[in-house]
Amino acid sequence: MTVRVGVIGGGQLARMMIAPAVELGLDIRVLAEDEGMSAQLAATAVGDYRDLETVRAFANDVDVITFDHEHVPQEVLRALVADGAQVHPGPDALQYAQDKLVMRARLAELGVPQPDWAPVRDADELQRFIDEHNGGAVVKTPRGGYDGKGVRVVRSGAEAADWFDAAAGEALLVEELVSFRRELAQQIARRPSGDMAAYPVVETVQRDGVCAEVIAPAPDTTERLVEVAEQIGRRIAEGIGVTGMLAVELFETDDERILVNELAMRPHNSGHWSQDGAVTGQFEQHLRAVADLPLGGTEPRQPWTVMINILGGPQDGTLAERFAPAMQQHPEAKIHTYGKAPRPGRKVGHVNVSGDDLDDVAYIARVTASLFL
Ligand code: ADP
């Protein structure tokens, strides 16, 4: 019998699950927020993912529920589980991707290395933390942040006064301002049965809080670093019982420590390289994991893959017009677009290039992506 996988959310991550679902013989259906979303090709329903009856009606027609994003409320998720639905990842795991304070507390229990942190309720508490941490800190809204929104570097408690007002007594998360050499990401897939498959750790480059580039595997890494990153990924995946893809965002500090920044429980931008650069792409792997099928190989197909995000898109004209010239000039580049209208800073696509020479690969990937701007 064909397994029906229902994806909540119609963004580009749902869109990129469609092709591998077809290849795996899965029947993929999407509950999209609106008409005309990235994943509209598979959208069998349009509605509000916060509304239990909408989600329940969608879940009734599928065998497994998974996600394009982490925003489905806990009450809705728990009601689905109580109905007997297969939800992957489940609400117990997803809570750690929904609330950064809950995540920090759990990672502390698991003994995973992370920045110093604390919940803070007012400017005075924040000021005390700053005074104890070299005069600087990073304040985060525990819920609803993405792409650097909800993250602010502060040097005094007063600089977060507006956020404390908006939080109305709820705690914010404060973290030490980590002096990092670079950012890394560890991807790992986990099946309901507990089987796991880890990808090689990658380097991610953020600009203005948004992922701009990924180099896979991370260059200049010692064997120890690769092992530590994988062990952290395994400990978290097991410790929180995630099912599907888990991305662990990491800092590599100037003094060679690895600290966990945050978690994503779905395919993640830092794993897009694997679509063309690994034996099994992360979208296929996510589907295998949530459908409880054997996981695929995670080895790189080529020594290097570089992923460049297309941010914003062309200021005039459409992405589609840029396709043919880009393909003509760089036949080795793999171009992925999300069917989204260009808008400054918006993720509208990405380019993957693989090969033997990192400088060449990075150059071709960057030039190809720039042809879409
Ligand atoms: P988002 O959920 O918006 O992606 P993150 O918590 O990942 O937010 O933070 C976004 C970026 O801010 C990170 O990629 C990193 O560059 C920077 N950042 C976050 N936390 C810290 C920290 N404790 N110290 C230094 N930089 C940080």
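First listed ligand is number 1; within each ligand, the first listed atom is number 1. These numbers come from a predicted model, not from an experiment.
Nearest to atom 6 (O) of ligand 1 among the protein's heavy atoms is Lys140 NZ, 2.7 Å. Of the protein's non-hydrogen atoms, the one nearest atom 27 (C) of ligand 1 is Phe251 CZ, 3.6 Å. The shortest contact between atom 4 (O) of ligand 1 and any protein heavy atom is with Glu262 OE2, 2.9 Å. Nearest non-hydrogen protein atom to atom 13 (C) of ligand 1 is Glu183 OE1, 3.5 Å. Ranking protein heavy atoms by distance to atom 12 (O) of ligand 1, first place goes to Val151 CG1, 3.9 Å. The protein non-hydrogen atom at the shortest distance from atom 3 (O) of ligand 1 is Gly148 N, 2.6 Å. Of all protein heavy atoms, the one lying nearest to atom 24 (N) of ligand 1 is Val178 N, 2.9 Å.
The main-chain N or O of Gly312 is never found under 3.5 Å from a side-chain atom of Arg346 such that the two would form a donor-acceptor pair. Here the side chain of Gln95 pairs a donor or acceptor atom with the backbone of Asp92 at under 3.5 angstrom. Between the side chain of Gln186 and the backbone N or O of Tyr199 there is at least one donor-acceptor pair closer than 3.5 Å. For the pair Arg29 (side chain) and Asp61 (backbone), a donor-acceptor distance under 3.5 Å is present.
Contact atoms of ligand 1 toward Leu177: 24 (N), 25 (C) (distance under 4.0 Å to a heavy atom of the residue). The ligand atoms of ligand 1 that sit less than 4.0 angstrom from a heavy atom of Gln206 are 14 (O). Of all atoms in ligand 1, numbered sequentially from 1 with element shown, those under 4.0 Å from a heavy atom of Glu249 are 7 (O). Those atoms of ligand 1 that come under 4.0 Å of a heavy atom in Glu176, given as number and element, are 22 (C), 23 (N), 24 (N). Interface atoms of ligand 1 facing Glu175, defined by a heavy-atom separation under 4.0 Å, are 20 (N), 22 (C), 23 (N).
Closest non-hydrogen pair, Glu176 versus Val138, comes out as O-CG2, 4.3 Å.
Both Ile258 and Ile188 are assigned to one and the same hydrophobic cluster, defined by single-linkage of ILVMFWY side chains at heavy-atom distances under 4.5 Å. Hydrophobic clustering (side-chain heavy atoms under 4.5 Å, transitive across Ile, Leu, Val, Met, Phe, Trp, Tyr) keeps Leu107 apart from Leu172.
Ligand 1 lies less than 4.0 angstrom from a heavy atom belonging to Phe180.
Between Glu132 and Arg128 there is no salt bridge, since no side-chain N of the basic residue sits under 4.0 Å from a carboxylate O of the acidic one. A salt bridge links Arg104 with Glu175: at least one charged nitrogen is closer than 4.0 Å to a carboxylate oxygen.
Ring planes of Tyr338 and His272: perpendicular class, angle over 60° (limits at 30 and 60°).
If you look at Val153 next to ligand 1, there are no close heavy atoms at all, none under 4.0 Å.
Shown here, atom 22 (C) of ligand 1 is in close reach of the protein: a heavy atom of it lies under 4.0 Å off.
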